[in-house]
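Okay, structure first, notes after.
Proteins come first, then strands; the chains are lettered A, B, ... in the order of their sequence lines, and each starts at number 1.
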Amino acid sequence: MKYLDVRGLVVAHGQVGPGTHILGIRAPEIRKGAKPGQFCMIDLKPPGAIDPLLRRPLSIHRVGPKGLLIFMYKVVGRGTALLSQLSPGGSLRILGPLGNGFRIDQSRPGLLIGGGIGTAPLVFLSEAWPKDVEQVAIIGGRTRADIEYAARCLEDTPSRVHLATDDGSLGHKGPVTDLMSRAMEMFEGRSPVVYSCGPGPMLKAVARMAADFNLECQVSLEARMACGMGLCLGCAVPGSRGDDSADSGYLHVCREGPVFRADQVSWEDYPCP
Amino acid sequence: MKYLDVRGLVVAHGQVGPGTHILGIRAPEIRKGAKPGQFCMIDLKPPGAIDPLLRRPLSIHRVGPKGLLIFMYKVVGRGTALLSQLSPGGSLRILGPLGNGFRIDQSRPGLLIGGGIGTAPLVFLSEAWPKDVEQVAIIGGRTRADIEYAARCLEDTPSRVHLATDDGSLGHKGPVTDLMSRAMEMFEGRSPVVYSCGPGPMLKAVARMAADFNLECQVSLEARMACGMGLCLGCAVPGSRGDDSADSGYLHVCREGPVFRADQVSWEDYPCP
Amino acid sequence: MSINPDLAVKTGPLNLKNPVLLASGTCGYGIELQGFVDLEKLGGIVVKGLSLEPRSGNPPPRLMETPCGLLNSIGLENVGVDRFISDKLPALSALDTAVIVNILGDSVRDYQELAGILDQVRGIDAIEVNISCPNVRAGGAAFGSDPDMASEVTAAVRKATSLPLIVKLSPNVTDITLIARAVEHAGADAISLINTLLGMSIDIKARRPVLANTFGGLSGPAIKPVALRMVWQAVRAVNIPVIGIGGIQNASDALEFLLAGAAAVQVGTATLVDPLVSVQILEGIRMYMKETGISDISGLPI
Amino acid sequence: MSINPDLAVKTGPLNLKNPVLLASGTCGYGIELQGFVDLEKLGGIVVKGLSLEPRSGNPPPRLMETPCGLLNSIGLENVGVDRFISDKLPALSALDTAVIVNILGDSVRDYQELAGILDQVRGIDAIEVNISCPNVRAGGAAFGSDPDMASEVTAAVRKATSLPLIVKLSPNVTDITLIARAVEHAGADAISLINTLLGMSIDIKARRPVLANTFGGLSGPAIKPVALRMVWQAVRAVNIPVIGIGGIQNASDALEFLLAGAAAVQVGTATLVDPLVSVQILEGIRMYMKETGISDISGLPI
Ligand SMILES: Cc1cc2nc3c(=O)[nH]c(=O)nc-3n(C[C@H](O)[C@H](O)[C@H](O)COP(=O)(O)OP(=O)(O)OC[C@H]3O[C@@H](n4cnc5c(N)ncnc54)[C@H](O)[C@@H]3O)c2cc1C
Ligand SMILES: Cc1cc2nc3c(=O)[nH]c(=O)nc-3n(C[C@H](O)[C@H](O)[C@H](O)COP(=O)(O)OP(=O)(O)OC[C@H]3O[C@@H](n4cnc5c(N)ncnc54)[C@H](O)[C@@H]3O)c2cc1C
Ligand SMILES: Cc1cc2nc3c(=O)[nH]c(=O)nc-3n(C[C@H](O)[C@H](O)[C@H](O)COP(=O)(O)O)c2cc1C
Ligand SMILES: Cc1cc2nc3c(=O)[nH]c(=O)nc-3n(C[C@H](O)[C@H](O)[C@H](O)COP(=O)(O)O)c2cc1C
Ligand code: FES
Ligand code: FES
């Protein structure tokens with residue numbers, strides 16, 4: 001168990017897109033062990049408050065010097081709305097780093113595919129990417145404002161970045177999968193490993209196309225969580241670890257994931273709300 | 001019904017004693033009708049939060065220009081602790097002015113007796129006091145720090161102020177009732193009206209002594225409240241309105257009070273926690 | 001597409017202009033809110049529970065805040081049915097909104113007598129029978145805790161009045177559907193639920209229960225999941241309209257109940273915290289219907 | 001006066017070094033917390049409910065946050081008793097803290113068989129019987145909803161094992177004292193309560209229940225007043241020790257249960273939010289005892 005529960009100082013907090021914020025927390029103990037694809041459980045309540053009860057899972061978006069952890073989140077409900085009101089100088093309890101993270105295959109080029117807020121962990125992945133391994137990133141979203149900030153982050157990395165929006169306001173007009181087949185050509189016959197994070201329907205499409213191209217594909221999944229550390233079994237998604245161990249028919253996102261091989265997930269039953 | 005429910009801007013918030021804070025809220029609509037002894041129900045939750053569920057009753061401590069309402073409160077539990085974390089610039093929902101307030105008898109001198117945080121509404125009373133009516137105030141508390149600020153407020157009014165502390169660190173060493181009998185002499189035979197607010201045991205002692213001296217005595221009571229406006233019947237204290245109307249054996253602090261004639265209260269059953 | 005949703009509700013024989021009511025015990029006799037809340041916008045008002053004789057209620061403390069909830073042990077303090085009719089009803093019934101009178105008693109006879117008195121009075125649109133009260137004859141178990149007792153009270157009231165009859169169920173039971181079916185068969189025109197969950201709180205400094213009465217009723221957002229579950233079950237168990245109550249704080253909460261199949265909702269504790277909230281809830285329901293293109297309130301249930 | 005309070009508890013035949021336990025389903029198999037929480041400080045660990053065969057549990061979503069509460073419909077996913085014994089128990093029983101195994105079944109026979117298996121295994125300090133599960137033979141009503149069924153399960157387990165036997169009650173009943181007495185008479189050494197309250201939540205955008213299973217169990221601070229009331233009632237109804245559970249978030253909450261007469265407490269949902277909280281609760285209890293001059297835990301009940 002290498003995770004810790006600490007109170008971290010909020011050192012930066014600002015809006016970077018419509019309803020999208022970045023949050024910088026100083027938590028050196030957690031920063032130290034953090035790997036791309038891992039997440040933290042953040043307690044949004046002021047000290048003494050009891051509601052909203054649960055912590056919220058957020059992927060580590062970037063790391064910085066002096067123990068800095070940066071998260072990128074979208075306001076979607078009550079918890080994230082309350083979080084967005086917090087000023088720098090405040091503090092939050094933060095539990096992490098949690099989960100397995102992406103397994104970078106150094107022997108193969110990487111194809112990073114992010115959708116919307118799902119791009120958050122891919123920035124960390126791209127920044128931590130081994131220097132001598134090729135990397136291409138495809139970022140998609142509904143519209144320009146949704147992906148502009150994340151795209152800028154990635155452009156500061158060695159990644160070659162391709163963009164797609166549903167409305168065509170930035171980059172290709174259409175889904176990320178359109179760009180996926182085109183990107184394949186750039187690898188000149190070598191099979192890249194796909195690393196993907198985004199909304200359920202996108203992951204499903206990416207997984208299918210990766211299977212068609214016979215590519216290894218790692219997907220970072222989301223599920224409602226209570227504990228984030230394997231205690232409650234609440235974060236189940238349909239799938240199978242694929243080892244011979246007793247198999248419940250469910251994967252537990254917090255402990256066995258959040259990153260899974262796409263072929264471990266039962267996509268036909270995957271809840272895509 | 002002359003009360004209103006508004007969102008008021010917090011224009012001042014600071015500590016004035018150990019665990020004691022003053023809170024200035026701009027709420028001109030409420031300020032307009034406010035009388036000494038009335039209170040407001042303050043919602044301490046940030047927008048979107050649901051806990052702590054209930055508003056908290058606070059007496060109006062002072063009023064100021066530009067619709068300013070000032071409250072003085074002590075941190076005693078979860079709600080007031082959360083409140084004390086709020087910075088100026090924030091806002092709070094505030095319902096008021098509620099309750100009946102003190103009835104100033106212009107024909108008689110006033111003897112204001114406050115204990116601890118119970119002094120809060122007496123400052124407003126003293127500041128609103130008719131110019132040509134004599135007024136003496138007695139303020140008591142556990143120790144110097146408990147009453148220093150309130151005493152300073154009163155010293156800026158025409159009131160003659162006498163102080164008492166349990167530990168003798170300021171003024172007389174002993175309870176306010178010690179000073180009450182002495183103060184009587186200052187009125188040279190005329191019977192003052194007693195206006196009192198403070199902890200239960202103090203009010204009980206004051207009421208008893210007022211009865212001994214045959215003085216009219218008005219007491220401002222506290223009770224746990226949910227609504228503050230007569231809807232829930234939660235704020236009962238044992239007593240009787242004394243009119244011939246159907247009498248439940250209970251007074252309702254929010255609607256029939258918080259100020260009662262001391263002889264309306266059944267002191268033997270009065271909960272003094 | 002601009003629709004103007006129809007919010008009118010037929011709750012059995014009772015017609016409401018919309019599905020938002022104020023719950024008993026949290027809006028006084030209604031008139032306390034007059035001039036502050038625009039009561040005529042609401043579907044109706046359920047007044048504080050009335051007994052034959054005035055009642056003093058329980059000694060204080062009567063209230064305790066709990067996490068997202070409120071414990072109360074008011075003890076059914078009320079002015080009695082006679083004073084209600086003489087002092088409160090005239091102003092209340094002058095309003096263009098449904099007046100629903102909540103009644104309570106120690107015995108079946110009390111309930112029957114109350115219903116008989118109210119049956120003769122103009123300006124009352126329905127009776128809501130609170131069966132969460134202890135049956136003094138039956139050793140103090142609540143009428144609402146047993147299908148037979150619930151049924152007996154309902155039948156007795158049914159005999160005494162032709163007013164629309166709502167029976168309000170207690171949630172402190174093993175199987176709410178048994179009670180719901182029992183009162184349906186005994187002649188209720190509608191059921192409302194839930195009343196409060198029995199709870200308590202202890203003051204660890206004073207080392208005694210906080211409420212003078214030891215136990216109290218838990219209400220507020222904390223109980224909403226339980227309330228919604230029971231409403232969902234009741235809707236599927238009976239063929240009469242169900243009025244949903246419990247922890248409704250905003251339009252989204254109210255909509256959960258309406259989607260579960262409730263014909264109307266009552267707003268209780270939320271009014272104590274936020275006296276104007278019921279009108280906002282109504283507006284929120286209207287907005288939701290517009291946005292989802294549902295033109296009639298009966299199109300809400302899923 | 002500096003006292004060093006004695007926190008050791010005798011819960012029937014089970015000795016605990018202190019009254020703070022981790023509740024079933026909220027601490028995995030205990031070992032998930034190893035290295036993070038100093039488990040040896042605690043009185044004991046109640047592991048996730050075990051069945052004879054492994055169970056998959058319910059489809060997702062399984063969780064929903066509610067006001068001050070959590071709805072879950074895990075559906076009793078577990079690795080099954082055999083894998084628990086082979087894979088989890090060795091590390092767990094090596095710890096110096098009580099290991100309590102929670103069991104569940106579809107039939108009385110399941111429970112009995114489970115108890116029989118566990119009776120043979122070293123390193124288990126007690127069995128906790130979860131009777132909130134549906135009795136498949138009796139049409140799916142929970143064993144814990146009926147005194148006779150509760151009693152039958154208890155007696156069957158009692159026959160199969162000489163381990164200390166705790167029966168964990170469901171709160172979804174009209175009268176908890178009836179169930180408490182029934183299981184006492186059937187041979188329980190202690191009772192624990194409450195399990196979760198049955199609740200639900202609806203997604204008004206998707207227009208369907210949030211949980212795939214429709215209903216779920218409500219836990220967390222929201223339910224504390226109900227839990228405390230039931231514990232208070234149970235303590236006064238039986239002569240065996242009562243373990244208090246429900247919404248305990250901090251030492252003050254735990255003390256409410258101990259003052260109500262609980263011999264020990266279990267911390268559930270709070271651990272999910274704050275994995276270290278149980279140890280802090282224990283410290284808070286110790287502090288309170290020092291401050292109030294209570295030297296022995298048995299001096300807490302009021
Ligand atoms: C491993 C992981 C990493 C994530 N990383 C990010 C990230 O980097 N940036 C980001 O914006 N979001 C991320 N999410 C999603 C984020 O956790 C939710 O958007 C957030 O919890 C919503 O909280 P809320 O209170 O605003 O919403 P509400 O809908 O009010 O929340 C109610 C409950 O549902 C849960 N919930 C709601 N939506 C989601 C969701 N999409 N996934 C999981 N739980 C949900 C909440 O945690 C809470 O328990 C991640 C989720 C997981 C599981
Ligand atoms: C008419 C009136 C005027 C008041 N004026 C002032 C004032 O000017 N300054 C001030 O410091 N305090 C005043 N009080 C007391 C103040 O309301 C409580 O101290 C405050 O509500 C405590 O809230 P809490 O959340 O910190 O305490 P908690 O104990 O956490 O509160 C729990 C619940 O108990 C209630 N409660 C706790 N203590 C009291 C109390 N003494 N009286 C009434 N309800 C209580 C709370 O409102 C809340 O509902 C007044 C009370 C009343 C009734
Ligand atoms: C202070 C208070 C008093 C109440 N009095 C009554 C009553 O007299 N009769 C009744 O049937 N219900 C009474 N109730 C129950 C409410 O009408 C309602 O059923 C319950 O509070 C749940 O709804 P809520 O969570 O919206 O408050 C009372 C509730 C509260 C909080
Ligand atoms: C996610 C989750 C899983 C649970 N699983 C079990 C279980 O397997 N067996 C059991 O007896 N109780 C189970 N419970 C109930 C808890 O042990 C406890 O009785 C209940 O949650 C109330 O306590 P709390 O409010 O402290 O959580 C579970 C509760 C939760 C939240
Ligand atoms: S969130 Fe609790 S096990 Fe994954
Ligand atoms: S606080 Fe509700 S009636 Fe007084």
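In terms of heavy-atom proximity, D:Ser56 sits nearest to A:Tyr250 at O-CD1, 3.2 Å. The nearest pair of heavy atoms linking D:Pro221 to A:Leu53 is CD-CD1, 3.7 Å. When all heavy atoms are compared, the tightest approach of A:Leu95 to D:Phe36 is CD1-CZ, 3.6 Å. Pairing each heavy atom of D:Ile74 with each of A:Cys232, the nearest pair is CD1-O, 3.2 Å. For D:Leu70 against A:Ala226, the heavy-atom pair with the smallest separation is CD2-CB, 4.2 Å. Heavy-atom minimum distance, A:Val237 versus D:Pro60: CA-CG, 4.2 Å.
Chosen from D:Gly220, D:Gly69, D:Ala206, D:Ser73, the residue pairing most often with chain A at heavy-atom distances under 4.5 Å is D:Gly69.
The neighbour count for D:Glu53 CD, taken as heavy atoms of other residues, nucleotides or ligands under 6.0 Å away, does not exceed 12. In this structure, A:Lys74 places its NZ atom where more than 12 heavy-atom neighbours from other residues, nucleotides or ligands lie under 6.0 Å away. The number of heavy-atom neighbours closer than 6.0 Å to CZ of A:Arg103, taken from other residues, nucleotides and ligands shown, is above 12.
For A:Ala236, the parts sitting under 4.5 Å from any heavy atom of chain D are the backbone and the side chain alike. When heavy atoms are compared at a cutoff of 4.5 Å, A:Met225 approaches chain D solely by way of its backbone atoms N, CA, C and O. Contacts between D:Lys205 and chain A at a heavy-atom distance below 4.5 Å are absent for every atom of the residue. Looking at D:Glu77, both its backbone and its side chain come within 4.5 Å of chain A, counting heavy atoms on both sides.
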Test side-chain contact (heavy atoms from CB on, under 4.5 Å) applied to D:Asp274 and A:Arg55, step by step | CA-CA 9 Å; D:Asp274 216 341; A:Arg55 300 193 188 211; 3.7 Å; yes

With salt bridge (charged side-chain N to carboxylate O under 4.0 Å, His left out) as the test, would you mind laying out the steps for D:Glu65 and A:Arg56 before giving the verdict?
-> CA-CA 11 Å; D:Glu65 189 186 65; A:Arg56 298 299 190 262; 2.7 Å; yes

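Here the CZ atom belonging to D:Arg62 is positioned 14.0 Å from the CZ atom belonging to A:Arg224, to the nearest 0.5 angstrom. Expressed to the nearest 0.5 Å, how far CG of D:Asn72 lies from CG of A:Leu233 amounts to 10.0 Å. Note that CG of A:Asp51 is 4.0 Å distant from SG of D:Cys68, once rounded to the nearest 0.5 Å.
In this structure, the side chains of D:Val273 and A:Lys45 come closer than 4.5 Å at one or more pairs of heavy atoms. Between A:Asp5 and D:Pro275, the closest side-chain pair of non-hydrogen atoms falls below 4.5 Å. Side-chain contact between A:Met229 and D:Leu272 is absent, with no heavy atoms from C-beta onward closer than 4.5 Å.
Qualifying ring-ring contact (aromatic ring centres under 6.0 Å, His included) partners for D:Tyr288, counting only residues two or more places apart in sequence or in other chains: none.
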